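Worth knowing before you read on, the calculation uses all heavy atoms, side chains too, and leaves out hydrogens, waters and symmetry mates. Counting convention: from 1, in listed order, for ligands and their atoms alike. Just so we're clear, the structure is a prediction, and the values are computed from it rather than from any experiment.
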Amino acid sequence: MSIFARQPLAGRLLAPAPGWTTSADVVIVGSGIAGLSLALQARRSDLKVLVVTKTVLDAGATRWAQGGIAAAVGPGDTPEQHESDTLIAGVDLCDVQAVHALVTEGPTALENLIALGADFDRDASGDIALTREGGHHRDRIAHAGGDATGAEVSRALISAVQADVGIEVIEHALALDLLFDDRRAVAGITLHVIGEGTRDGVGAVHARAVVLATGGLGQTFAQTTNPEVSTGDGVAIALRGGATVADMEFVQFHPTVLWLGPGSRGQQPLVSEAVRGEGAFLVDDAGRRFMHGIHEMADLAPRDVVAKAIMQQMIETGAPHVWLDGRELGQEVWENRFPTILESCRLHGVDPVTELIPVAPAAHYASGGILTDLSGRTNVEGLYACGECACTGVHGANRLASNSLLEGLVFASRIAQHLATDLASPGEPKPDERVPALLTPEVREHVASTMTDGAGVLRSRRSLGRTLSRLLELRSWQSQQPCVEAWEATNVHSVATFIAAAAREREETRGSHWREDFPEPDDLHWRARINSQLVEGTVHTTVRPIS
Ligand code: SIN
């Protein structure tokens, strides 16, 4: 084990003494596809389930998903082919067993979601309509409302959860820190609720298991497809609780995000890969199709390949974006198949029916996160993780398009099965009186620009060293107020430090991790995963070769 980043992180952060208490068998933190489908399935074992969510039920990333859900359900397709595409996209770093579980259990997971009421698009013969995205050798992506898959999935899950009286939901509840019993098993979690009545302010949920399903961390960067709430809270909570995280350096940058100008910050509109799946293609300023000759799948190459090719164009020409040409799709396809994207482009003054769309990469998805086994268990007893905040190993160095919603479904179901038979019985949570050390809310914006500048699509030892130094400076911006914004800023800062530290450690280029100073993959030294932990305020990493 090496300690290579000695900057103190936020230390052991804890909430002020809870002003109210409640209890559940299982508390699920997060209300995207992973959290809600787990809640519904855990109820089948009659468990008392509490879902807590930072703002409202549909505010997370699931609602924004455009492309769809990948599953081998089309004619001629098989889980083996899906497995092969997933492993290739993950550039030899995937956990093969996890991928096998994903692709073999995927079709049933999709069926169950449809049975729950999610309405997927159908073709003329009534079969599920399937499209293609980068890295897939088959039409394999089920979609809903054209390009509004996430919105439909979210709608169906929320309505099922609301119809189940056994699932309690607390909205406007930021999860703060884990509670432990005397044996250091998880015994609940503290929350900061902005509510009314008895559950207002800091409170505690006593529970037999805590499942973190908090989604992504895109807000760690200046431009992202992720919504405002994606501040890496689950990863930060897990780190403070002693959990191991893995593959943090593999942040995926989506190649085609609508370019809104140099000063644009925060969530940016996504232009789904499915637009290229239906025939659109990338061109440079001179109208040249630059993906030909770069990869045999051209515009439908895996996402990391396309993002890198776009960045290369931008670096070579000095242009702040490239162009996506979707004019050949025609008005009818744009209106019926991509109504959401059409609307958001038009809202920003671009008509994709007649004009080229300016696009550039932006932070999109964390392929790494809280390390789990195939039942969602972490190394901390009683703590589970599911969905984007988890690292099951299915994505390796680069997630295959539309495997994320699928991962949420498949692993939620695995966790539910595990909880049905193996729920722990922790003792009473122990009070812990150490004082919170939070950062000021202003830190968040500085972290985001620092990360985009030095730990974005293109990285080097120098840029990452600069990034880590700046993050260290920002550590002194301590907050006097333990408000929600201060917790979020602290979480973003911690997660950023772990991303930058792992990115500095990995001296090669692989998947979505692109090192200017080590431009090739190095299988001899780096067919390995980087696990990290927070130990006494420092990042400890372990390099774990893949056998
Ligand atoms: C997209 O629609 O391009 C995004 C889908 C995904 O991230 O898997």
For this session: Run through Asp299, Asp85, Asp139 and flag the one making a salt bridge (charged side-chain N to carboxylate O under 4.0 Å, His left out) with Arg132.
Result: Asp139
Return yes when atom [atom1] of [X] has more than 12 non-hydrogen atoms of other residues, nucleotides or ligands closer than 6.0 Å, and no otherwise.
X      : atom1 : value
His100 : NE2   : no
Glu335 : CD    : yes
Trp64  : CH2   : no

Exercise. With the threshold set at 4.0 Å, does a side-chain nitrogen-carboxylate oxygen contact exist between Glu343 and Arg346?
Worked result: no
For this session: Salt-bridge test for Glu105 and Arg414: reply yes if a basic N is under 4.0 Å from a carboxylate O, no otherwise.
Result: yes
Exercise. For Glu273, is at least one N or O under 3.5 Å away from an N or O on ligand 1?
Worked result: yes
Atoms of ligand 1 close to [X] [distance to a heavy atom under 4.0 angstrom, numbered from 1]:
X      : answer
Ala401 : 8 (O)
Ser402 : 6 (C), 8 (O)
Gly67  : 2 (O)
His364 : 4 (C), 6 (C), 7 (O)

Problem set entry | Value rounded to 0.5 Å, distance of OG in Ser230 from CD in Glu488 | 10.0 Å
Exercise. Do any heavy atoms of Ala274 fall under 4.0 Å from ligand 1?
Worked result: no
Problem set entry | Within-shell test, Gln252 vs ligand 1, heavy atom, strictly < 4.0 Å | no
Problem set entry | Nearest-neighbour protein heavy atom for atom 2 (O) of ligand 1, which is reported as residue plus atom name and distance | Ser272 OG, 2.7 Å
Problem set entry | For atom 5 (C) of ligand 1, the option (of Gln66, Arg303, Arg399) bearing the nearest heavy atom | Arg303
